[in-house]
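Here is the structure we will look at, set down as structure tokens.
Quick note: numbers below take in every heavy atom, side chains included, and nothing from hydrogens, waters or symmetry partners. Per chain, numbering begins at 1; letters A, B, ... match sequence-line order.
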2 protein chains.
Amino acid sequence: MLQAALASGTAHRRAVFELFPRRLPEGRRYGVVAGVGRALDAIERFTFDPEVVDVLREHGVVDEPTLEWLAGYRFDGDVWGYAEGETYFPYSPLMVVESTFAEAVLLETLLLSILNHDSAIASAASRMTWAAGDRPCIEMGSRRTHEEAAVAAARAAYIAGFVTTSNLAARQRYDVPTAGTSAHSFTLLHDTEKDAFTAQVTSLGHGTTLLVDTYDVAEAVRLGVEVAGPGLGAVRLDSGDLGVLAQQVRDQLDALGAHDTRIVVTSDLDEHAIAALAAAPVDGYGVGTSLVTGSGHPTCGFVYKLVSREGPDGEMVSVAKRSKDKISIGGRKYALRRRNARGVAEAEVVGIGEAPVDDGDDRALMVRLVEKGTVVGRESLETIRARHAASRAELPMKARQLSRGEPVIPTLHVDGHVDGPTDGQVS
Amino acid sequence: MLQAALASGTAHRRAVFELFPRRLPEGRRYGVVAGVGRALDAIERFTFDPEVVDVLREHGVVDEPTLEWLAGYRFDGDVWGYAEGETYFPYSPLMVVESTFAEAVLLETLLLSILNHDSAIASAASRMTWAAGDRPCIEMGSRRTHEEAAVAAARAAYIAGFVTTSNLAARQRYDVPTAGTSAHSFTLLHDTEKDAFTAQVTSLGHGTTLLVDTYDVAEAVRLGVEVAGPGLGAVRLDSGDLGVLAQQVRDQLDALGAHDTRIVVTSDLDEHAIAALAAAPVDGYGVGTSLVTGSGHPTCGFVYKLVSREGPDGEMVSVAKRSKDKISIGGRKYALRRRNARGVAEAEVVGIGEAPVDDGDDRALMVRLVEKGTVVGRESLETIRARHAASRAELPMKARQLSRGEPVIPTLHVDGHVDGPTDGQVS
């Protein structure tokens with residue numbers, strides 16, 4: 001595709017690509033944008049080194065002029081988009097890439113991979129942390145997803161309110177707070193459960209978390225307090241009816257004087273299981289599989305479409321394919337979150353060709369991320385995390401409901417000045 | 001956990017860990033082991049370089065003796081397991097790691113991440129290629145999964161019978177055959193569809209695949225044959241009712257004399273959609289989202305459990321936690337595929353403590369992968385791909401059914417010599 005466009009000369013036409021969702025995952029009321037920071041890092045690093053060019057040459061993937069062009073490739077265009085942590089809705093223009101066709105089209109798979117993955121994790125994580133309320137959620141799903149996806153998932157979960165991860169690489173790369181845990185294998189390694197608990201408390205102090213369901217829970221809890229004293233940090237339950245068990249363990253801990261010993265639960269939790277434990281005396285949730293797989297929706301289905309490009313006369317032309325089942329809307333987009341006087345979100349307003357007008361209480365959604373090839377939109381993870389909390393808090397109350405429903409606010413398209421004929425545009 | 005075990009001295013006890021599934025994804029009849037080759041590469045590379053040790057020190061993750069031990073870490077043990085591409089069933093002992101506790105426990109997340117991900121993709125891919133029969137399946141899901149998971153997914157799909165991938169990194173790293181495609185953006189970039197087709201055919205020859213659903217399919221097909229001649233390689237349909245459209249396009253191509261022009265379909269295909277198109281004149285399937293997300297089952301749920309370890313007297317002791325809802329079986333495992341005289345698989349036979357006896361037509365399943373820290377089980381992707389085809393062909397006919405069902409063969413445990421007391425063992 002690139003080779004053909006380079007040969008015909010159209011590759012260097014100015015072009016606007018848009019990355020957007022056609023819908024939310026079925027039944028979800030909002031989505032969460034994540035991966036923007038990783039995408040910016042990736043754009044900066046995205047070049048074709050000689051080794052890669054050689055592989056393409058060796059296998060005859062593209063011709064010599066294309067290889068030469070790739071060898072000199074560096075993205076020099078502009079990128080605008082939703083700031084990371086922001087909530088999103090169907091047709092939110094999450095990223096707008098302005099460059100030449102050739103430069104921008106090469107970013108398609110890179111940007112989609114990162115945003116589709118990270119946003120899927122953050123969207124699920126946000127529902128979990130909202131369901132958990134003030135109780136901390138701990139990310140521990142690394143073993144249930146690709147080893148590199150695991151690091152990105154830990155980062156995305158933190159953005160959406162998780163407090164720690166078990167993934168040490170996420171600490172190293174992104175400074176996500178980490179927390180470890182002990183496994184059944186640690187208890188089984190020792191000749192007795194008492195030996196295991198004694199080894200753990202001796203090494204890690206009485207503030208540690210003991211896993212108490214390897215053999216008999218009640219006996220393990222008794223033993224834990226015996227070994228660590230009533231100042232034992234926490235116990236972890238990883239099987240059984242967690243609601244019933246948590247109450248039994250709470251009663252036992254209280255009877256033993258261990259009033260401040262926390263109860264952490266794990267075992268295939270998702271947002272629904274977390275919500276169902278709201279009335280149980282649980283102090284923290286460890287979430288694995290369902291977090292890293294997006295709780296039923298492992299990808300967001302974002303697409304990356306050409307929405308405007310230079311015509312033969314040098315003017316920009318809005319473009320979109322004609323398709324009844326896959327709607328795209330031509331034209332460069334702008335967006336704001338319409339809010340009422342109390343600051344509650346009411347609509348996602350997407351301007352086609354020009355920015356929609358702020359009614360006074362609205363909030364512009366798109367920020368500049370890359371300017372003439374230079375990344376300008378980098379932010380700290382703490383800033384992103386705070387943005388997500390604020391953006392979520394601004395949604396109508398029913399956004400928090402876990403039941404299946406429609407997007408919590410509608411998306412409105414405002415057709416302003418359209419910069420050229422709308423050939424093929426679906427509106 | 002490691003720190004406590006190092007301090008108490010139990011870290012250096014000999015230990016056997018087992019990686020296994022408790023079940024198949026709901027409704028699936030068999031699973032496919034993938035990721036073994038990547039896991040072997042990862043074991044070989046898995047060390048803690050000074051930079052990583054510094055991060056752990058800086059954040060006080062573990063104490064100084066543990067940091068020293070990690071700095072010198074290299075896996076020196078043995079690994080046995082199912083050869084890559086093999087089919088598997090509940091409780092198949094997919095990997096058995098024999099080493100010290102400390103050495104083996106560190107591999108847990110690494111091995112699980114790789115095998116859980118890659119096997120999920122291969123298991124879905126195998127159903128798709130089986131449903132497609134002789135028609136080729138093309139992997140094009142990179143944009144719908146994490147950017148590194150995408151490369152692993154392309155490799156796993158190839159193992160399970162896909163013929164090509166659009167992921168160029170999979171070519172570079174694993175020599176998976178690649179094939180490109182053109183997007184709607186390429187057509188939209190040009191002033192007319194004819195300009196786009198002419199540019200593509202001029203650059204790539206008449207054997208190329210033209211995307212014909214940007215505007216009007218019938219007009220595009222007519223135009224494609226006009227531009228490329230009746231020797232046009234293929235047309236691609238990416239929207240609409242693919243079965244109906246494929247027949248219309250076939251009729252039109254034949255009427256235009258383009259009898260050998262193939263029809264490739266894409267658009268959210270999964271194994272069920274592929275099967276539903278069996279009667280349509282389709283020559284190839286491009287599969288994206290549902291492949292890279294495991295078609296509803298993005299992870300396999302494999303676990304990694306301590307099943308045997310050295311006791312205080314130096315003898316090995318079988319161990320397993322007691323849990324009603326998460327069954328583990330203690331003891332070192334061996335496995336064979338029981339086959340009848342016609343070579344059809346009848347059962348997965350798992351020996352506890354010793355190898356089950358071959359009835360004459362059976363096939364041993366576990367091979368040596370790592371010997372005293374040295375990888376000995378590396379294979380070519382072609383060998384692995386051929387193994388999968390053979391292993392799948394050996395299953396009872398109903399394995400091919402896409403409807404929900406039980407595992408196509410039962411798993412039988414044979415309790416042979418158990419190497420010590422079975423403390424906590426669930427049988």
>> Between B/Ser267 and chain A, with a heavy-atom cut-off of 4.5 Å, which part of the residue counts as in contact: side chain, backbone, both or neither?
In response: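 It is both, since atoms from each part get that close.
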> Does any heavy atom of chain A fall under 4.5 Å from the side chain of B/Ala149, the backbone, both, or neither of them?
Replying inline: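 Contact with chain A involves both backbone and side-chain atoms of B/Ala149.
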>> Under the rule for ring pair (Phe, Tyr, Trp, His ring centres under 6.0 Å), what residues qualify as partners of A/His184, not counting sequence neighbours?
In response: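 Not a single residue meets the ring pair (Phe, Tyr, Trp, His ring centres under 6.0 Å) criterion with A/His184.
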> What residues of residues 294-302 of chain A sit under 4.5 Å from chain B when only non-hydrogen atoms are counted?
Replying inline: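 When heavy atoms of chain B are the reference, residues 294-302 of chain A contributes A/Pro298, A/Thr299, A/Gly301, A/Phe302 within the under-4.5 Å range.
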Pick from [options] with the largest number of heavy-atom pairs that fall under 4.5 Å of chain B:
options: A/Asp238, A/Thr198, A/Leu111, A/Thr289; answer: A/Asp238
options: A/Ala169, A/Ala183, A/Ala153, A/Ala7; answer: A/Ala183
options: A/Ala15, A/Ser113, A/Pro312; answer: A/Ser113
options: A/Glu51, A/Glu310, A/His190; answer: A/His190
options: A/Asp63, A/Asn167, A/Val52; answer: A/Val52
options: A/Asp216, A/Val303, A/Leu112; answer: A/Leu112

> Which heavy atom of A/Ala39 sits nearest a heavy atom of A/Leu115, and at what distance?
Replying inline: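 Heavy atoms only, the tightest pair is CB-CD1, 3.9 Å.
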Where does [X] contact chain B at under 4.5 Å (heavy atoms): side chain, backbone, both or neither?
X: A/Leu189; result: both
X: A/Asp241; result: neither
X: A/Asp195; result: neither
X: A/Val201; result: neither
X: A/Leu6; result: neither

>> So, using side-chain hydrogen bond (donor to acceptor under 3.5 Å, both in side chains) as the criterion, who are the partners of A/Thr165 when residues are at least two apart?
In response: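 Scan of A/Thr165 (side-chain hydrogen bond (donor to acceptor under 3.5 Å, both in side chains), adjacent residues dropped) gives A/Glu139.
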> salt bridge (charged side-chain N to carboxylate O under 4.0 Å, His left out): which pairs involve residues 107-120 of chain B, sequence neighbours left out?
Replying inline: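 Pairs touching residues 107-120 of chain B that pass the test: A/Arg143-B/Glu108, B/Arg38-B/Asp118.
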> For the atom pair CD (A/Gln172) and CD (B/Glu58), what is the distance rounded to the nearest 0.5 Å?
Replying inline: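 That separation rounds to 10.0 Å.
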